[in-house]
Amino acid sequence: MGSEPSPTTNKETLPVREAVFDLLRKLGISTIFGNPGSTELAFLTPWPADLRYVLALQEASAVAMADAYAQATGNAAFVNLHSAAGLGNGLGTLYTAFRNQSPLIVTAGQQTRDLLPYDPYLGAERATEFPRPYVKWACEPARAEDVPVAIAQAYAIAMERPRGPVFVSIPSDDWDKSAVPVHAHRHTWDVAPPQDSVAELADALAASKNPALVVGAEVDRQDAYALAIELAEHLNTPVFEAPNSSRSSFPQDHRLFAGFLPAVPEHLSEALQNFDLILVIGAPVFSFHVPGKAAIFDSGPRIFLITDNTLSAARSRATDTIVSSMVPALKGLLQRLPKSSHEELQISRHIVPVLPKDPIQPEFAMQEIARAVGRDVIVVEEAPSHRPAMQKHLPIFRPKGFYTMASGGLGWGLPAAVGVALAEKQPVVCLIGDGSAMYSIQALWTAVQEKLSMVMIVLNNHGYGAMKSFGQLLGTSEPPGIRLPGISYLDVARGFGAVGVDVTRSSDIYQALQSALQREGPTLIDIQIDPNVGDLY
Ligand SMILES: Cc1ncc(C[n+]2csc(CCOP(=O)(O)OP(=O)(O)O)c2C)c(N)n1
């Protein structure tokens, strides 16, 4: 009777670390984000020359960088954190990565297996429970030799739609043990639509006199941008961007672009109530920010939803749902639709140019930014009370041109801009509020070290403007804790080794941005915005 060869004697075994590096290469992952500690040292040494380790100075930044990098590259990203303390720091942006449906393999070091029973320093208690419910799957492999296969499975689960973060806890003595190399599966996990529901939707669209499309972040994330344009032109219908969409899924100067839906139930209902059919593609139906009455659900139009997130499907208020990924659903639909007989529609969004005024008005700042950056810009935004001004005066015209977080959790934008800049070969503009800037400010250091072409524009109103606007929306008085005096962003920039530029006059915005775009490495432009203006919706 033969017995299985033990992994340590089998000639084909490798140290666990080498087997994991080998797997990552096969999966197309050559950039690793992290912040190290003693429980990760065995993973990090010796470090191979062909892999890039991007150091973030706080774990919230490491996770957000990886999230945006995954979105920009279309592949899962790998993050390595330090035991429970490091993962704990990263939980806020892990929540956001989950809401962004970003494929992340989050790993954290664990104490050595022989110490674990004795409550060691830096031991992670019930490690796999800690990141739940914001991971799709979590595992601490039963044996050291299972680590490579656990990471291979983590990759597959992260990439399966709906994509999202997964977690693997790895005892630090596992990395020097032996394991057999694992096979790498690089799947595209698209979900195909049921043909009868596509046919029903096609019939309903053909019969509809006045349909509208609502596109959400998954359209751009799943590379269905061009298909969404084709569908809209075929149907000749207005297209809205979903409430608080975390990507831009339709060119904002297109003749059919009808604007951004607000996350306020009454306002959204008002914008959509005159249509007889609404097709929502790749967004929840609907993600509101405040409570209220959405009349559209009572006697309003038939609402179709295309999503490959079954949980989102179950929790939606659509009348009809097609569970499918974006590309197969839109292709299937386009094949079945008869040519529209509607007259060629021209939506006119009236955007009146604004004149300069001091103190600087957000609308004018956005207009100047748009003039300086051109049509091909990539914007990463976290500027809550300046979003309406941005949506009006800084239009996005291209796929993968806009990123924000789907969660509402601040601290994502700046490190996300670093993640996008690491993935793209062109400058990235990070539009950020002075409050938002401080949650993950150390990401600026990474941008400097990586010599990234990034312009961080701080829209500085010396406070949490959104809290003021939100209070007004709910009819409350000004709360404590919303003013932010005494922060010098120029000193902050210099402290991290970045160039800092102060802009206090409307007439200086354009030139400041032009110079920053030509500079190698990141620039922080601190624009002093009138603190008395700004709006959430
Ligand atoms: C992690 C986290 N903490 C707190 C909040 C609450 N919050 C929402 S908007 C906001 C103010 C942001 O200020 P700033 O970035 O300066 O932008 P402004 O509102 O002035 O446009 C705060 C604190 C949040 N959304 N996320």
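Whatever order the structure lists ligands and atoms in, that order sets their numbers, starting from 1. Fair warning: this is a prediction, and the values are worked out from it, not measured in the lab.
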>> Just to be sure I understand the cut-off, which residues have at least one non-hydrogen atom under 4.0 angstrom from an atom of ligand 1?
In response: Pro384, Ser385, His386, Gly408, Gly409, Leu410, Gly433, Asp434, Gly435, Ser436, Tyr439, Asn461, Gly463, Tyr464, Gly465, Ala466, Met467
> Would Lys357 and Asp530 satisfy salt bridge (Lys or Arg N to Asp or Glu O under 4.0 Å), going step by step from the backbone distance to the final call?
Replying inline: CA-CA 10 Å; Lys357 195 174 137 191; Asp530 185 345; 5.8 Å; no
> Got a donor-acceptor contact below 3.5 angstrom from the Gln111 side chain to the Leu122 backbone?
Replying inline: no
Less than 3.5 Å apart, which donor and acceptor atoms pair up between the side chains of residues 489-501 and the rest of the protein, not counting sequence neighbours?
residue : atom : partner : partner atom : Å
Tyr489  : OH   : Asp434  : O            : 2.6
Asp491  : OD1  : Arg494  : NH1          : 3.3
Asp491  : OD2  : Ser488  : OG           : 3.2

>> How close do Phe402 and Ser248 get, counting heavy atoms only, and between which atoms?
In response: CB-CB, 3.6 Å
>> Please check if the number of heavy atoms outside Arg132 that lie under 6.0 Å from its CZ is greater than 12.
In response: yes
>> Set out, in order, the CA-CA distance, both residues' side-chain angles and the distance that settles side chain to side chain contact (heavy atoms under 4.5 Å, CB included) for Asp223 and Met326, then state yes or no.
In response: CA-CA 8 Å; Asp223 295 325; Met326 304 303 112; over 6 Å; no
